[in-house]
Amino acid sequence: MTESDIWAGRGFHFDVRVKSLVMGICNVTPDSFSEHGLFQKTDDAAAHGLEMARQGADILDIGGESTRPGAEDVSIGEELDRVIPVIRQLAEKTGLPISIDTTKARVAEEALKAGACIVNDISGLKLDPDIASVAAENDAGLVLMHMRGTPRTMQKDTHYDDLFNEISAHLQAGIDAALKAGVKPERIAVDPGIGFGKSAEQNMLIIKRLDFLLKLGRPVLMGLSRKSFLGIITGRDASERIEETIAATLEADRNGARIHRVHDVKQAVIALQTARAIREA
């Protein structure tokens with residue numbers, strides 16, 4: 001067993017040698033790039049979360065602010081109003097680990113009080129460093145992602161002098177900051193930020209060369225689901241990109257990613273189960 005095999009925190013303990021994890025996406029927003037506001041009402045979002053639990057999700061990731069390219073900021077109050085009722089319902093009814101997708105320490109803190117046990121920070125502690133202290137005080141899991149700027153600005157500059165080293169350095173800085181704040185190493189997972197300040201070709205290279213992230217010694221999370229680079233490959237709209245997502249997810253898993261954030265849970269669970277069985281035959 002290595003450090004990168006275990007991801008654990010308050011309310012969850014995963015050994016990714018045993019199985020790859022599926023994190024189901026539940027966006028409680030009116031402007032998600034994929035669902036287009038389908039689950040912005042509390043009851044609809046909670047019902048969707050319950051359905052993903054039935055389909056085999058290992059984790060439910062709840063977000064109240066769109067992170068699509070060009071997305072506008074949402075106030076803390078609005079974000080809390082969107083996510084807290086959903087988190088309370090799902091924590092009570094599913095027993096699954098709940099992740100809060102936020103860049104705000106206040107939202108993370110209230111979500112953890114409501115029943116979440118993981119904070120998924122797309123900025124890797126760059127936008128609100130206090131998230132690290134909130135995670136440490138609550139023994140929460142922490143996902144650190146690489147992103148340039150903010151969702152509003154991230155696609156304005158996709159030039160890198162050294163793509164892999166720049167992403168690794170960003171994530172290592174986040175890990176160091178989290179550890180300094182008191183987050184235990186086994187609580188941390190890392191995400192290269194597919195689609196966040198990268199070109200389509202760069203996204204594909206990251207998936208192909210994931211070994212550069214494994215060197216950080218933490219489980220790797222990948223959010224590939226229905227992303228625009230997949231549409232560039234096939235020409236299909238976001239809502240149609242299920243097969244593209246599964247193909248990319250299996251390739252990422254083969255290359256070392258062990259946590260997969262997806263919209264289509266049932267398909268991902270079956271595909272990953274099948275691929276693992278073949279590899280282990």
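Model, not experiment: these values are computed from the prediction.
When every heavy atom of R276 is checked against every heavy atom of V18, the shortest pair comes out as NH1-O, 3.5 Å. The two atoms that bring A177 and L125 nearest to each other are CB-CD1, 4.0 Å, heavy atoms only. Residue A132 comes nearest to A181 through the heavy atom pair CB-CB, 3.6 Å, listed as atom of the first residue, atom of the second, then distance. The shortest heavy-atom contact between L60 and A53 is CD2-N, 4.4 Å. The heavy-atom pair separating A257 from H260 by the smallest distance is O-NE2, 3.5 Å. Taking every heavy atom of both residues into account, V74 and R82 meet most closely at CG2-NH1, 3.8 Å.
No side-chain donor from either of H13 and D15 sits under 3.5 Å from a side-chain acceptor of the other. For the residue pair S225 / H263, a side-chain donor-acceptor distance below 3.5 Å is found, with atom types taken as modelled. In this model, a donor atom of one side chain and an acceptor atom of the other lie less than 3.5 Å apart for T102 and E79.
Without hydrogens or angle criteria, K227 side chain to I194 main chain gives a donor-acceptor distance under 3.5 Å. Remark: side-chain polar atoms of D162 are paired, donor with acceptor, to backbone N or O of N165 under 3.5 angstrom. Side chain of R241 to backbone of R236: a donor-acceptor contact under 3.5 angstrom is found. Of the possible polar contacts, none joining the E166 side chain to the Y160 backbone as a donor-acceptor pair under 3.5 Å is found. Of the possible polar contacts, one joining the W7 side chain to the R187 backbone as a donor-acceptor pair under 3.5 Å is found. Judged by distance alone, the side chain of T103 and the main-chain N or O of S123 form no donor-acceptor pair under 3.5 Å. With hydrogens and angles disregarded, no donor-acceptor distance shorter than 3.5 Å links the side chain of Q273 to the backbone of I270. Side chain of R218 to backbone of P185: a donor-acceptor contact under 3.5 angstrom is found. The backbone N or O of T158 lies less than 3.5 Å from a partner atom in the side chain of Q202, making a donor-acceptor pair.
In summary, E51 and R54 engage in a salt bridge, as defined by a charged side-chain N under 4.0 Å from a carboxylate O. We find that K208 and E201 are not joined by a salt bridge, their nearest charged nitrogen and carboxylate oxygen being 4.0 Å or further apart. K19 has a carboxylate O that lies under 4.0 Å from a charged side-chain N of D58, or vice versa, which qualifies the two as a salt bridge.
Atoms CG and CD, from L50 and Q55 in turn, are 11.0 Å apart once rounded to the nearest 0.5 Å.
Listed by chain and number, the residues in a side-chain contact (heavy atoms from CB on, under 4.5 Å) with D191 are V143, M145, L221 (sequence neighbours excluded).
Other residues, nucleotides and ligands place more than 12 heavy atoms under 6.0 Å from the CD atom of E240.
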Apply side chain to side chain contact (heavy atoms under 4.5 Å, CB included) to the pair T245 and Q267, showing each step before the final yes or no. CA-CA 10 Å; T245 297; Q267 293 89 338; over 6 Å; no

Show your working on side chain to side chain contact (heavy atoms under 4.5 Å, CB included) between F229 and I207 and close with a plain yes or no. CA-CA 12 Å; F229 83 96; I207 297 168; 3.7 Å; yes

Step by step, work out the salt bridge (Lys or Arg N to Asp or Glu O under 4.0 Å) result for K126 and D121. CA-CA 9 Å; K126 296 296 185 183; D121 178 9; over 6 Å; no

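For residues 129-146, the set of pairs meeting the side chain to side chain donor-acceptor pair (under 3.5 Å) definition, not counting sequence neighbours, comprises H146-K198. Evaluation of the side chain to side chain donor-acceptor pair (under 3.5 Å) test over residues 169-184, restricted to residues two or more places apart or in two chains, returns Q172-D176.
With S20 as the fixed residue, the side-chain contact (heavy atoms from CB on, under 4.5 Å) test singles out one of D253, V269, I259: D253.
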